[in-house]
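Working notes, beginning with the structure itself.
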Amino acid sequence: MESNGTIKKLAKEDRYQHHDYYNIDELLTEDHLIARDAVRDWVKQEVSPIIEQYAEKAECPKHLFKGLGEIGAYGPSLPTEYGGGGMDEIAYGIIMQELERGDSGIRSMASVQGSLVMYPIYRYASEEQKKKYLPKLGSGEFIGCFGLTEPDHGSNPSGMITNIKDNGDHFILNGSKMWITNSPVADLAVVWAKDEEGKIRGMVVEAGTPGFTTPEIHGKWSLRASITGELVFEDVKVPKANVFPDVRGLKGPLSCLSKARYGIAWGAIGAALDCYDSALNYSKERIQFDKPIGQFQLTQKKLAEMITEITKAQLLAWRLGSLANKGQASPAQISMAKRNNVHMALEVAREARQIHGGMGITNEYPCMRHMMNLETVLTYEGTHDIHLLITGMDVTGLNAFK
Ligand code: TGC
Ligand code: FAD
């Protein structure tokens with residue numbers, strides 16, 4: 001950005017350094033670039049210096065929850081009066097990209113809070129609930145989590161057994177949820193459970209409610225800087241006012257997943273860019289057979305294919321963002337971008353790791369951490385194969401799930 005506010009056209013050299021091979025910055029507005037650069041700087045200062053240490057210890061850098069609120073990472077495209085950033089969908093996407101350049105777990109902290117906790121409250125809760133929870137979630141004062149997956153129902157959430165029973169002025173909630181990002185540190189959970197008619201309902205369950213526990217899941221080799229746990233409900237009293245009044249069925253949680261999957265389609269590009277950047281620099285510095293390894297054709301093939309795939313993913317994300325801004329991004333289009341871009345990032349991380357040779361498996365470089373993280377990203381928010389089947393269903397009109 002130039003000081004007079006006009007968007008700077010990047011010179012060829014800058015573009016290469018910036019990995020903007022197709023001048024995609026020209027497609028972005030000044031607001032997008034300001035948001036991107038601010039989050040990029042924050043990640044450089046707050047995340048990059050500490051992330052390897054936290055990932056190695058398998059510890060969540062909890063102090064970043066507040067900071068993420070301060071930079072507007074929670075619900076960037078939700079209205080400001082409800083704790084969001086009041087920006088468009090491309091701004092939301094590009095913020096996720098910059099967070100995931102730091103670490104997929106940090107992007108997860110923001111995705112869950114903004115798209116899976118604030119968004120359902122904004123879209124489905126009563127005005128009273130919105131006022132009670134959204135500003136504090138937006139600032140990071142409250143941490144939220146989202147409970148859909150169960151021990152026996154992952155890809156098929158419609159089979160869930162967690163349930164609520166009417167008991168006068170409240171419901172009684174029983175069941176359990178598995179693999180829940182942020183659950184052990186959350187102040188509240190957005191939970192999906194079946195009512196007595198078998199309809200899926202959404203509700204807010206506050207931490208500390210008797211019968212509600214959130215044991216942590218240990219032993220993850222992926223997303224180690226993100227905290228994951230269960231949600232266990234044993235005769236938990238949920239006030240009727242906490243149950244979303246106007247939504248029934250799986251489309252409630254799936255609409256939230258559409259928001260989060262969209263953000264992941266952008267986020268994965270950030271992880272790929274960080275790996276590519278590291279591999280490109282290493283290829284110029286590392287000498288073997290008296291030459292930088294970047295001079296060998298096989299290294300160039302890897303780097304050329306990496307930047308080609310990153311560029312294709314950037315264009316896909318940008319176009320999806322333009323559709324989303326018009327309210328025209330379909331769930332199937334979002335599935336295609338989530339699947340393609342996460343797989344692309346995982347492949348880039350693997351190739352980048354190879355370019356670093358033995359050093360690539362250490363925490364001196366980010367590739368192995370991104371690679372391990374991306375195994376989770378390929379699975380959560382709908383697995384790679386589930387998204388393929390969503391595309392298959394969209395193009396054939398035939399449903400593989402029924
Ligand atoms: P199906 O009959 O196809 O659909 C039920 C209703 O939902 C509607 N719908 C959607 N609405 C909004 N957005 C979407 N993406 C939607 N997809 C479908 C649909 O039109 C229908 O509406 P209606 O009015 O007819 O009732 O449902 P199904 O049971 O056959 O399931 C289809 C399937 C397999 C695609 C779905 O279950 C699925 O997506 N499974 C994957 C589960 C998943 O993604 N879980 C993610 C858990 S959360 C998570 O991973 C967070 S990680 C967070 C982090 O750390 O970043
Ligand atoms: P399964 O559904 O058992 O799938 C196992 C394999 O079978 C996969 O390869 C899958 O593709 C394949 N498969 C399943 N059905 C079919 C089919 N019909 N056709 C072909 N193949 C099929 N969930 C939440 O609700 N909230 C969260 O915050 C959250 N955070 C997470 C954080 C982490 C670190 C992880 C790992 C997961 C998280 N999840 C969360 C859960 C995540 O969404 C599920 O893991 C995911 O949806 C897959 O479910 P599953 O693990 O039960 O696998």
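Note that ligands are numbered from 1 as they come in the structure, with each ligand's atoms numbered from 1 the same way. Only heavy atoms go into these numbers, but all of them, side chains included; no hydrogens, no water, no symmetry mates.
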Protein heavy atoms: any of them under 4.0 Å from atom 43 (C) of ligand 1?
yes
If we ignore angles and hydrogens, is there a donor and acceptor under 3.5 Å between the side chains of Lys194 and Thr162?
no
Nitrogen or oxygen of Gly382 less than 3.5 angstrom from that of ligand 2:
no
Are there protein heavy-atom neighbours of atom 39 (N) of ligand 2 below 4.0 Å?
yes
Take atom 7 (O) of ligand 2 and look for protein heavy atoms under 4.0 Å from it; say yes if you find one, no if not.
no
of all protein heavy atoms, closest to atom 24 (C) of ligand 2 is Thr149 OG1, 3.3 Å
With distance as the sole criterion, is a donor-acceptor pair present between the side chains of Ser104 and His370 under 3.5 Å?
no
Check the angle between the aromatic planes of Tyr133 and Phe142 and answer parallel, tilted or perpendicular using the 30° and 60° thresholds.
tilted
Among all protein heavy atoms in this structure, tell me which lies nearest to atom 21 (N) of ligand 2, with the distance rounded to 0.1 Å.
Asp385 CB, 4.5 Å
Indicate yes or no: does an N/O atom of Ser155 lie under 3.5 Å from an N/O atom of ligand 2?
yes
Answer side chain, backbone, both or neither: which part of Lys177 comes under 4.0 Å from ligand 2, heavy atoms only.
neither
Tell me whether Ser108 has any N or O atom under 3.5 angstrom from an N or O of ligand 1.
yes
Please state which protein non-hydrogen atom is closest to atom 10 (C) of ligand 2 and give its distance, to 0.1 Å?
Thr383 OG1, 3.7 Å
Atoms in ligand 1 with a heavy atom of Thr181 nearer than 4.0 Å
54 (C), 55 (O)
Between Lys251, Arg107, Gln113, flag the one that comes closest to atom 6 (C) of ligand 1 by a heavy atom.
Lys251
For atom 34 (C) of ligand 2, decide whether some protein heavy-atom distance is shorter than 4.0 Å.
yes
Under 3.5 Å, N or O to N or O, is Leu223 touching ligand 1 that way?
no
What do you reckon, does Leu148 have a nitrogen or oxygen under 3.5 Å from a nitrogen or oxygen of ligand 2?
yes
Can Gly249 be said to touch ligand 1, with heavy atoms closer than 4.0 Å?
no
Roughly how far apart are Tyr119 OH and Tyr124 OH, rounded to 0.5 Å?
5.5 Å
Could you tell me whether atom 9 (N) of ligand 1 has a protein heavy atom closer than 4.0 Å?
yes
What is the closest protein heavy atom to atom 2 (O) of ligand 1, and at what distance does it sit?
Lys402 NZ, 3.0 Å
Per salt bridge (charged side-chain N to carboxylate O under 4.0 Å, His left out), Arg36 is matched among Asp25, Asp31, Asp41 by Asp25
To which protein heavy atom is atom 49 (C) of ligand 1 closest, and what is the distance rounded to 0.1 Å?
Glu381 N, 3.7 Å
Under 3.5 Å, N or O to N or O, is Asn399 touching ligand 1 that way?
no
Measuring from Ile361:CD1 to Arg369:CZ, what's the distance to the nearest 0.5 Å?
15.0 Å
Starting from atom 5 (C) of ligand 1, what is the nearest protein heavy atom, named by residue and atom, and what distance separates them?
Leu250 CB, 4.0 Å
What residue and heavy atom of the protein are closest to atom 22 (C) of ligand 2, and at what distance?
Ile386 CD1, 4.5 Å
Are side-chain N/O atoms of Gln354 and Glu351 paired as donor and acceptor at under 3.5 Å?
yes
If the cut-off is 4.0 Å to any non-hydrogen atom of Ile180, which atoms of ligand 2 fall inside it?
24 (C), 25 (O), 26 (N), 27 (C), 28 (O)
Sub-3.5 Å N/O-N/O distance, His153 and ligand 2:
no
Hey, looking at atom 52 (O) of ligand 2, which of Ser226, Gly154, Gly229, Ser104 has the closest heavy atom?
Gly154
To the nearest 0.1 Å, how far is atom 45 (O) of ligand 2 from its closest protein heavy atom, and which atom is that?
Thr379 CG2, 3.9 Å
Please list the nearest protein heavy atom to atom 36 (C) of ligand 1 with its residue and the distance rounded to 0.1 Å.
Leu254 CD2, 4.1 Å
Report the nearest protein non-hydrogen atom to atom 26 (N) of ligand 2: residue, atom name, distance rounded to 0.1 Å.
Phe146 O, 2.9 Å
For the atom pair CZ (Phe146) and CD1 (Ile180), what is the distance rounded to the nearest 0.5 Å?
8.5 Å
Of the listed options (Ser155, Ala332, Gly382), which comes nearest to atom 40 (N) of ligand 1 when hydrogens are ignored and any heavy atom counts?
Ser155
Protein heavy atoms near atom 29 (O) of ligand 1, is at least one of them under 4.0 angstrom away?
yes
Can you list the ligand 2 atoms lying under 4.0 Å from a non-hydrogen atom of Glu381?
43 (O)
Please state which protein non-hydrogen atom is closest to atom 39 (O) of ligand 1 and give its distance, to 0.1 Å?
Arg261 NH2, 3.0 Å
among protein heavy atoms, the one nearest atom 45 (N) of ligand 1 is Leu257 CD1, 3.8 Å
Proximity of Leu116 to ligand 1 by residue part, where a heavy atom lies under 4.0 Å:
side chain
Can you report which non-hydrogen protein atom sits closest to atom 28 (O) of ligand 2, along with the distance?
Thr181 N, 3.0 Å
With heavy atoms only and a cut-off of under 4.0 Å, state how Thr376 meets ligand 2: side chain, backbone, both or neither.
side chain
Numbering the atoms of ligand 2 from 1, which are under 4.0 Å from a heavy atom of Tyr380?
31 (C), 32 (C), 33 (C), 37 (C), 38 (C), 42 (C), 43 (O)
How many angstroms lie between OG1 in Thr308 and OH in Tyr22, if you round to the nearest 0.5 Å?
8.0 Å
For ligand 2, which is the ligand I care about here, please tell me if Asn156 has any N or O atom under 3.5 Å from one of the ligand's N or O atoms.
no
Is it the side chain, the backbone, both or neither of Leu389 that has a heavy atom closer than 4.0 Å to ligand 2?
side chain
In the protein, which heavy atom is nearest to atom 14 (C) of ligand 1, and how far is it?
Ser258 OG, 3.5 Å
Between Tyr82 and Ile121, is the side chain to side chain contact (heavy atoms under 4.5 Å, CB included) condition met? List the steps.
CA-CA 10 Å; Tyr82 291 116; Ile121 294 174; over 6 Å; no
Verify the distance criterion only: is there a donor paired with an acceptor across the side chains of Asn373 and Asp103 at less than 3.5 Å?
yes
Please check if a non-hydrogen protein atom sits closer than 4.0 Å to atom 51 (C) of ligand 1.
yes
Interatomic distance, Met96 atom CE to Ser115 atom OG [nearest 0.5 angstrom]:
6.5 Å
Output the distance between atom CZ (Phe65) and atom CG (Asp187), rounded to the nearest 0.5 Å.
9.5 Å
Any N or O of Thr149 closer than 3.5 Å to N or O of ligand 1:
no
Verify atom 14 (C) of ligand 2: protein non-hydrogen atom under 4.0 angstrom away
yes
The closest protein heavy-atom partner of atom 32 (C) of ligand 1 is Phe401 CD1, 4.3 Å
Of all protein heavy atoms, the one nearest atom 29 (C) of ligand 2 is Trp179 O, 2.6 Å
